[in-house]
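All of these numbers come straight from a predicted model, not from anything done at the bench. Every chain is numbered from 1, with letters handed out A, B, ... down the list of sequences.
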Number of protein chains: 2
Amino acid sequence: MSRRSVSAKDVADLAGVSRAAVSRCFTPGASVSPDTRARILKAADQLGYQVNRLASGLIRNETGLVALIASEIATPYRSHLLSALTEALQQAGKVALVINTDRSDASVERAMRQAISYRTDAAIILSGMPDQSLAETCLRNGMRLVLINRDEEREGALRVRVDDAEAGRRAVAILFAAGCRRIALASSAADTPSLRGREHGFREAATRSGIDWIEERRGMTSYETGRTLGMALLARPDRPDGIFCTTDLMACGIMDVARWRLGIRIPEQLSLIGFDDIAQAGWEGYNLTTFRQPVDEIARRSIDWLLSGNGGDSIKELAIETTLVMRRSVAQGVVATT
Amino acid sequence: MSRRSVSAKDVADLAGVSRAAVSRCFTPGASVSPDTRARILKAADQLGYQVNRLASGLIRNETGLVALIASEIATPYRSHLLSALTEALQQAGKVALVINTDRSDASVERAMRQAISYRTDAAIILSGMPDQSLAETCLRNGMRLVLINRDEEREGALRVRVDDAEAGRRAVAILFAAGCRRIALASSAADTPSLRGREHGFREAATRSGIDWIEERRGMTSYETGRTLGMALLARPDRPDGIFCTTDLMACGIMDVARWRLGIRIPEQLSLIGFDDIAQAGWEGYNLTTFRQPVDEIARRSIDWLLSGNGGDSIKELAIETTLVMRRSVAQGVVATT
DNA sequence: CTGAAAGCGCTTACAG
DNA sequence: CTGAAAGCGCTTACAG
């Protein structure tokens with residue numbers, strides 16, 4: 001705020017060269033003689049010179065900034081994904097601008113405008129959805145768009161999708177094979193694309209199998225909601241003996257309520273399957289069987305796409321596969337299912 | 001990358017005014033007649049104009065960017081703090097540039113250079129420490145510096161400290177009051193200022209009280225380390241009946257190993273106290289008595305300081321108090337201690 | 001209130 | 001290989 005920082009001009013003066021030479025010295029692949037390069041580098045080091053990315057972004061039309069737009073970023077799954085994304089971005093020489101939203105359309109819109117303001121090279125959206133016109137504005141400005149676990153498509157954007165429905169279907173098969181005869185779907189009322197997919201797959205397979213099933217959907221995706229869900233599902237006389245919970249975080253809540261409040265033994269009296277494979281699912285206190293989202297792969301492939309020029313016919317959809325992580329929250333059934 | 005985005009010139013042309021007028025229209029407090037303002041706003045909206053913060057940052061010498069430098073950002077405590085900081089920053093009209101480090105000096109240095117490159121208004125450092133000269137470079141450039149839970153001071157930077165040692169001392173008193181007669185300190189080998197403070201307080205109080213105590217320090221601060229610590233401390237015949245663990249995350253590991261591997265009942269056979277009050281500490285499966293770090297307060301006060309001009313004699317240190325959260329991991333002792 | 005002009009720090013053809 | 005010059009999109013005195 002007070003003093004201005006050292007500029008290329010300062011370095012040029014000290015090294016006895018032109019400003020252009022200094023610029024070239026810091027531009028990969030530009031031609032500078034070894035001698036002047038050495039002089040410039042020395043002067044730069046002496047002065048503590050750091051190229052001003054604001055100015056260079058302005059004329060090169062590439063800032064190195066990538067916006068990460070998400071809600072509930074302190075949540076285990078989200079923070080893991082954010083961390084992977086940030087890391088992958090850094091590997092690629094970019095830097096993450098993280099913008100918190102409250103999942104309302106208005107806040108997503110505000111976030112997108114921020115991204116435009118800073119002329120980020122791309123925006124990766126993990127929650128909510130910008131409307132079509134705003135997305136077009138971004139694309140028109142040359143900004144690339146990645147939508148993670150979103151439903152709708154946006155012309156020119158990359159959609160990253162996980163096989164949610166398939167997981168829901170497999171969960172039913174696993175519970176059935178474990179000997180469960182009355183199963184339940186537990187989910188939040190958040191109504192996001194991912195949740196919908198998992199719910200849909202479950203319902204489809206459960207209905208088709210003819211097995212006795214119920215469902216419960218409440219609140220937002222949180223541990224607390226899991227507890228509510230657990231009480232609603234397990235405090236009744238005809239309680240289910242198997243539950244597929246659309247999120248590990250909620251599954252932890254269900255498990256705790258079952259175990260500590262209702263005295264239900266897991267997996268002997270209740271089989272439970274989650275989704276995400278957050279760190280806690282692997283903790284000894286939970287040992288939750290779940291579907292793992294390959295967070296690092298999602299991050300890596302998203303960033304790869306971002307970096308791979310904007311070829312007109314580049315891929316528009318990335319299908320990511322989850323993998324089943326068998327732990328100890330499902331009863332040993334008659335048949336081992338994978 | 002392809003096309004350039006719409007600029008103030010475009011808006012000016014459409015509205016039939018000068019570029020300066022457009023600029024003023026988006027500068028709070030600048031004088032524009034209601035009539036021209038309306039025309040400009042209309043044109044801007046039509047064109048989808050968004051002020052270029054790169055350019056404005058360049059001349060105003062204020063970018064609105066704040067760097068958040070931290071390692072292990074997917075960890076419960078860190079992600080919570082990061083989330084609070086991001087949120088507070090947004091409330092203040094700033095935006096967070098988050099930079100991941102691996103806690104090595106080199107990576108912190110790289111992060112700081114990034115921050116300088118983007119001319120962030122400030123940098124908030126949660127892990128590691130930049131060397132003096134680099135910190136001075138930042139300060140000289142008018143960048144403000146906040147050090148959270150760091151030891152050393154940097155002239156002109158704000159240090160935010162939590163009463164770590166006091167917590168360590170109180171933990172000893174609580175364990176003693178709970179009837180524990182052989183207590184242990186469990187910590188990671190990470191050797192960060194916060195950990196050192198908590199360890200120091202514990203040792204001091206334990207030694208002074210004359211109670212029988214041991215300690216174990218291993219690995220990095222993680223759940224897994226907690227399990228290792230638990231095995232080391234609890235699988236021995238003369239195992240402690242009370243443990244103060246410097247981090248909730250590790251305490252969860254200790255608790256799980258005690259309960260599920262060694263069959264030790266908590267709190268009947270073992271009292272456990274953690275630190276941080278991460279979400280999991282409040283989960284029914286853990287119910288961990290711990291010291292809460294007021295994350296939102298830390299974030300809010302740090303940002304307040306950032307915003308409050310750089311008055312020469314502004315405060316340089318912020319002492320934050322933790323509060324004891326009594327849950328159910330400590331045995332009911334003779335006396336209730338708070 | 002409003003516009004013309006200068007300037008922030010950079011990069012990039014264009015000559016030499 | 002190197003420098004002079006133009007220009008990126010903005011803001012801010014300076015006149016009017």
By side chain to side chain donor-acceptor pair (under 3.5 Å), Thr36(A) pairs with (sequence neighbours left out) Ser33(A)
Residue set satisfying side chain to side chain donor-acceptor pair (under 3.5 Å) with Thr63(A), at least two apart, ordered chain then number -> Asp121(A)
So if I define the base as every atom that isn't primed, P, OP1 or OP2, how would nucleotides 8-16 of chain D read as a B/S/- string at a heavy-atom cutoff under 4.0 Å? BBBBBB---
Consecutive-pair stems (at least three Watson-Crick or G-U pairs, under 3.5 Å) that include DNA chain C: C:1-3 with D:14-16, C:5-12 with D:5-12, C:14-16 with D:1-3
Any residue meeting side chain to side chain donor-acceptor pair (under 3.5 Å) with Asp45(A), in chain and number order, not counting sequence neighbours: none
Pairs flagged by salt bridge (charged side-chain N to carboxylate O under 4.0 Å, His left out) wherever residues 18-39 of chain A is involved - sequence neighbours left out: Asp35(A)-Arg39(A)
At under 4.0 Å, does any side-chain N or O of Ser18(B) touch on OP1 or OP2 of dA4(C)? no
Ignoring hydrogens and geometry beyond distance, is a side-chain donor-acceptor pair present between Ser107(A) and Asp102(A) at under 3.5 Å? yes
What pairs with Tyr77(B) under ring pair (Phe, Tyr, Trp, His ring centres under 6.0 Å), at least two apart in sequence or on another chain? none
Quick one: list whatever passes salt bridge (Lys or Arg N to Asp or Glu O under 4.0 Å) with Arg60(A), sequence neighbours left out. Glu62(A)
Thr36(B) side chain N/O closer than 4.0 Å to the phosphate oxygens (OP1, OP2) of dC1(C)? no
I'd like to check the side chain to side chain donor-acceptor pair (under 3.5 Å) partners of Glu153(B); sequence neighbours left out, ordered by chain and number. none
